[in-house]
Structure formats: C-alpha cells, structure tokens
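Encoded as structure tokens, the structure appears first; notes follow it.
One-based numbering along the sequence shown.
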Amino acid sequence: MSPDLRTRLGSVQLDNPVLTAAGCGGTGRELSAFFDISRLGAVITKSVMLEPRAGRPAPRVAETPSGMLSATGLQGPGVEVFLQRDLPWLLSRGGRAGVSLAGSGAAEYAELARRVSEAPGVAFLEVNLSCANPSDQGRHFTDDPREAARVVHAVRSHARSEVPVFAKLAADVPDPVALAEACAEARADGLSMVNTVRGMAIDPRTLRPAVAGGMGGVSGPAIRPIAVGCVHEVHAALPELPIIGTGGVRTGTDVLEFLAAGASAAAVGTVNFHDPSACVRILRELEEALTEHGIGRVADVIGAAHRPMGAPLGGQDAPSRA
C-alpha cells in the first residue's frame with residue numbers, strides 16, 4: 001500500500017508535503033509546461049507587492065559553489081495583476097495557492113493581507129520578512145524580532161481568520177528561536193524557514209560584484225544544513241507550530257530530512273531553475289523513501305529526529321489513514 005502523503009499546515013490539509021518555494025516557480029505557469037501543478041501540495045507564489053516593481057538591474061543571478069546568488073529586487077506586476085490574472089490561472093489548473101507577501105512597512109503588509117486573503121482560493125499566506133525596513137536604515141525585518149512581530153501582527157490582524165499566516169524567517173540572524181518566538185507571539189499560524197542567506201560573489205574577470213547591488217541571497221544545497229538545523233532548533237522550542245522547511249531541497253530524501261527535523265512540508269527552490277520537473281521527481285522519491293523505511297504516513301515521520309536514540313520511526317506499525 002502506498003504511503004499516505006497528506007500533511008497539515010495549521011487548518012489547511014495538503015495532499016502531500018512538496019511545495020514550490022517563493023520566487024522559484026513563479027505563479028505555477030512557468031512550471032506547468034513540465035508537469036501538472038495540481039500534483040503538488042501547493043505553489044508558493046513569487047512575493048507579491050502592492051505596486052508594480054521593476055526590481056534590480058542585471059545581472060541578477062550568479063552561480064556559486066553548490067548554489068546560486070540572486071538579487072532580483074522583488075520585481076513583479078503588483079497585487080492587482082496578481083489577483084486578476086495570476087491567481088485565477090493557478091486555481092483554474094487545480095493548484096493550491098500559498099501567496100507570499102512583501103512590503104516596505106506594516107501598513108503595506110496589512111493592506112496586502114486584506115486584499116489577498118479576500119480572494120477565493122488562497123490556502124495560506126507567507127510573510128516574506130527578508131525585506132528592507134525603511135524606518136530602520138534599510139535593515140531586514142528579520143534583523144529585529146520586534147519589527148518582524150509587528151509585521152506579522154499586522155498581517156494576522158487584517159487577513160481573514162480562516163487563512164493561515166506563515167512567517168518566513170531568515171537563518172542569518174543572531175537568534176532564530178527568539179525570532180520564531182516573537183512571530184508566534186504575534187499570532188503567526190506557522191513558520192517558513194529559511195529564506196536565502198545574505199552573501200556576495202566577485203566576478204573573477206571584472207573583480208566586481210557578480211550581481212547588481214553587490215549583496216544577494218545564497219540558495220541551493222549549500223544552505224540545506226543551515227536550514228535543517230534551524231528547523232530542528234525551532235521545532236524543539238515550538239513543537240506545536242507547523243513549519244515549511246526550505247533551503248537546498250533536491251531529492252525526496254532531502255524532504256524526508258526536513259520532515260524528521262520537524263517540518264510539516266518542504267518547499268523546492270533553486271533546483272527548479274535547471275530541472276523544472278524536479279518537484280514531481282522529488283514527490284516520487286519521497287514516496288519511495290517512506291516505503292523503504294516502512295513508514296505509512298508522512299505525519300508519522302514529522303519530528304522523528306527529536307525522538308530518543310534507537311526509537312523506531314514513528315508510525316511503522318500504524319495503519320495508513322483512509
């Protein structure tokens with residue numbers, strides 16, 4: 001019998017725990033030529049902002065060892081186009097929509113939350129906190145737990161109550177657990193972690209920064225151990241809060257690793273750029289890995305790494321849910 005792949009993100013049940021990471025699958029349209037996007041647990045959209053945004057000038061992307069450096073500047077057409085064009089298209093293809101929000105202040109996030117959560121078919125919101133805070137010398141909201149909490153509280157207060165709010169956290173902060181706890185106190189329904197890690201690459205030909213603006217976000221397999229460590233640490237501190245694990249997922253075994261660390265789902269990011277059918281391959285590999293371990297349900301492996309040494313993987317003797 002095939003494993004039961006269903007998982008929960010708060011009040012939302014997903015058919016499986018494989019999602020696309022924000023910014024790495026557009027709104028699903030870009031990947032739909034390669035597979036049926038309704039097969040995924042959800043598509044987390046590219047971050048949506050209130051107004052159209054051109055983003056940074058080229059070059060925006062550079063290859064790094066076991067990863068990628070990106071500095072897109074959150075370009076996009078704005079929330080009106082998203083609500084009128086992109087979201088209806090995704091829903092018409094049977095996709096589950098997790099909508100990433102980005103803004104320059106709590107008031108902008110709040111307005112986005114109100115407008116997006118009122119749209120039919122939105123499964124959950126993901127609050128991108130790795131945005132510059134103009135009132136704090138351009139530091140990211142994640143750099144100060146109080147500022148991150150203020151944004152999360154604004155989103156939760158203005159979003160429809162039945163739409164879960166997930167705070168997307170960074171790893172390159174002094175205390176990821178303190179940041180997570182601040183967001184939980186601000187009534188986040190769950191967490192998404194981690195975002196890209198700030199870094200720089202120098203073009204050896206020009207001896208200049210490889211991406212416009214100098215600094216960018218590092219993603220890909222190089223950051224997976226960092227992401228898994230953050231998920232494990234935060235799950236230990238906040239075991240009841242659902243987590244979407246993100247960072248360097250390439251295989252079904254990588255998803256299993258995030259689940260064991262305490263995540264309820266895993267988002268696939270950078271690998272989509274060179275293997276656009278990766279998500280369905282990863283989903284198949286996850287099912288194979290669960291079968292190999294004798295695990296009947298995804299729910300039984302969540303948090304397995306926190307159990308005593310030598311304890312059997314949870315659910316090995318439990319029947320699958322109908």
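For the ring-ring contact (aromatic ring centres under 6.0 Å, His included) condition, no pair includes a residue of residues 8-61, sequence neighbours left out. Screening residues 199-213 for side-chain hydrogen bond (donor to acceptor under 3.5 Å, both in side chains), with sequence neighbours left out, gives D203-R205. Under the ring-ring contact (aromatic ring centres under 6.0 Å, His included) criterion, no residue pair touches residues 206-231, with sequence neighbours excluded. The side-chain hydrogen bond (donor to acceptor under 3.5 Å, both in side chains) analysis of residues 171-194, with sequence neighbours excluded, yields the pairs E126-S192, R156-D189, S157-R187, D172-R198.
Residues A184 and L238 share a closest heavy-atom pair of CB-CD1, 4.3 Å. Here the shortest heavy-atom pairing between L9 and F124 reads CD1-CE2, 4.0 Å. The nearest pair of heavy atoms linking V163 to A123 is CG1-O, 4.3 Å.
Residue D15 places its CG atom among 12 or fewer non-hydrogen atoms of other residues, nucleotides or ligands, all under 6.0 Å distant. For NE2 of H140, the number of neighbouring non-hydrogen atoms (other residues, nucleotides, ligands) closer than 6.0 Å is greater than 12. More than 12 non-hydrogen atoms from other residues, nucleotides or ligands lie less than 6.0 angstrom from CD of E162.
T7 places a side-chain N or O within 3.5 Å of a backbone atom of S264 that can act as its donor or acceptor partner. With hydrogens and angles ignored, the 3.5 Å screen pairs no side-chain donor or acceptor of R60 with any backbone N or O of S70. Formation of a donor-acceptor pair under 3.5 Å by the N128 side chain with backbone atoms of A102 is not found in this model. Under the 3.5 Å distance criterion, the side-chain polar atoms of R96 are matched with a main-chain donor or acceptor of Q13. Although no hydrogens or angles enter the test, the distance criterion places no donor-acceptor pair under 3.5 Å between the side chain of T72 and the main chain of Q75. Here the side chain of H158 pairs a donor or acceptor atom with the backbone of A154 at under 3.5 angstrom. Side-chain N or O atoms of R139 include none that pairs as donor or acceptor with a backbone N or O of D144 at under 3.5 Å. Remark: the backbone N or O of S11 is paired with a side-chain donor or acceptor of R8 at under 3.5 angstrom.
Using a 4.5 Å heavy-atom threshold, the side chains of R6 and V298 count as separate. P221 has its side chain within reach of R250: a pair of non-hydrogen atoms, C-beta onward, lies under 4.5 Å apart. The shortest distance between side-chain heavy atoms of V231 and M193 falls below 4.5 Å. With contacts defined as side-chain heavy-atom distances shorter than 4.5 Å, the pair T20/L31 qualifies. Proximity of T291 to P3: side-chain heavy atoms (C-beta onward) are separated by under 4.5 Å at one or more points.
The only member of V122, V48, T27 that meets side chain to side chain contact (heavy atoms under 4.5 Å, CB included) when paired with L87 is V122.
As a member of the Ile/Leu/Val/Met/Phe/Trp/Tyr network built from side-chain separations under 4.5 Å, M215 groups with M200, I202.
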S100 and K168: CA distance, side-chain angles, deciding distance, side chain to side chain contact (heavy atoms under 4.5 Å, CB included) verdict:
CA-CA 9 Å; S100 174; K168 188 163 189 179; 5.9 Å; no
Going through the checks in order, is the salt bridge (Lys or Arg N to Asp or Glu O under 4.0 Å) test met by E111 and R114?
CA-CA 5 Å; E111 177 64 10; R114 183 188 66 78; 2.7 Å; yes
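Side-chain contact, T196 with S219: no donor N or O sits under 3.5 Å from an acceptor N or O. Judged by distance alone, the side chains of S277 and D275 do bring a donor and an acceptor atom under 3.5 Å apart.
Clustering ILVMFWY residues whenever any of their side-chain heavy atoms sit less than 4.5 angstrom apart, transitively, puts V173 in the very cluster that holds V127.
Using a 4.0 Å cut-off between charged nitrogen and carboxylate oxygen, D254 and R224 count as a salt-bridge pair. Salt bridge D36/R39: absent, no basic N to carboxylate O contact under 4.0 Å.
Scored by the ring pair (Phe, Tyr, Trp, His ring centres under 6.0 Å) test, H232 finds H306 as partners (sequence neighbours excluded).
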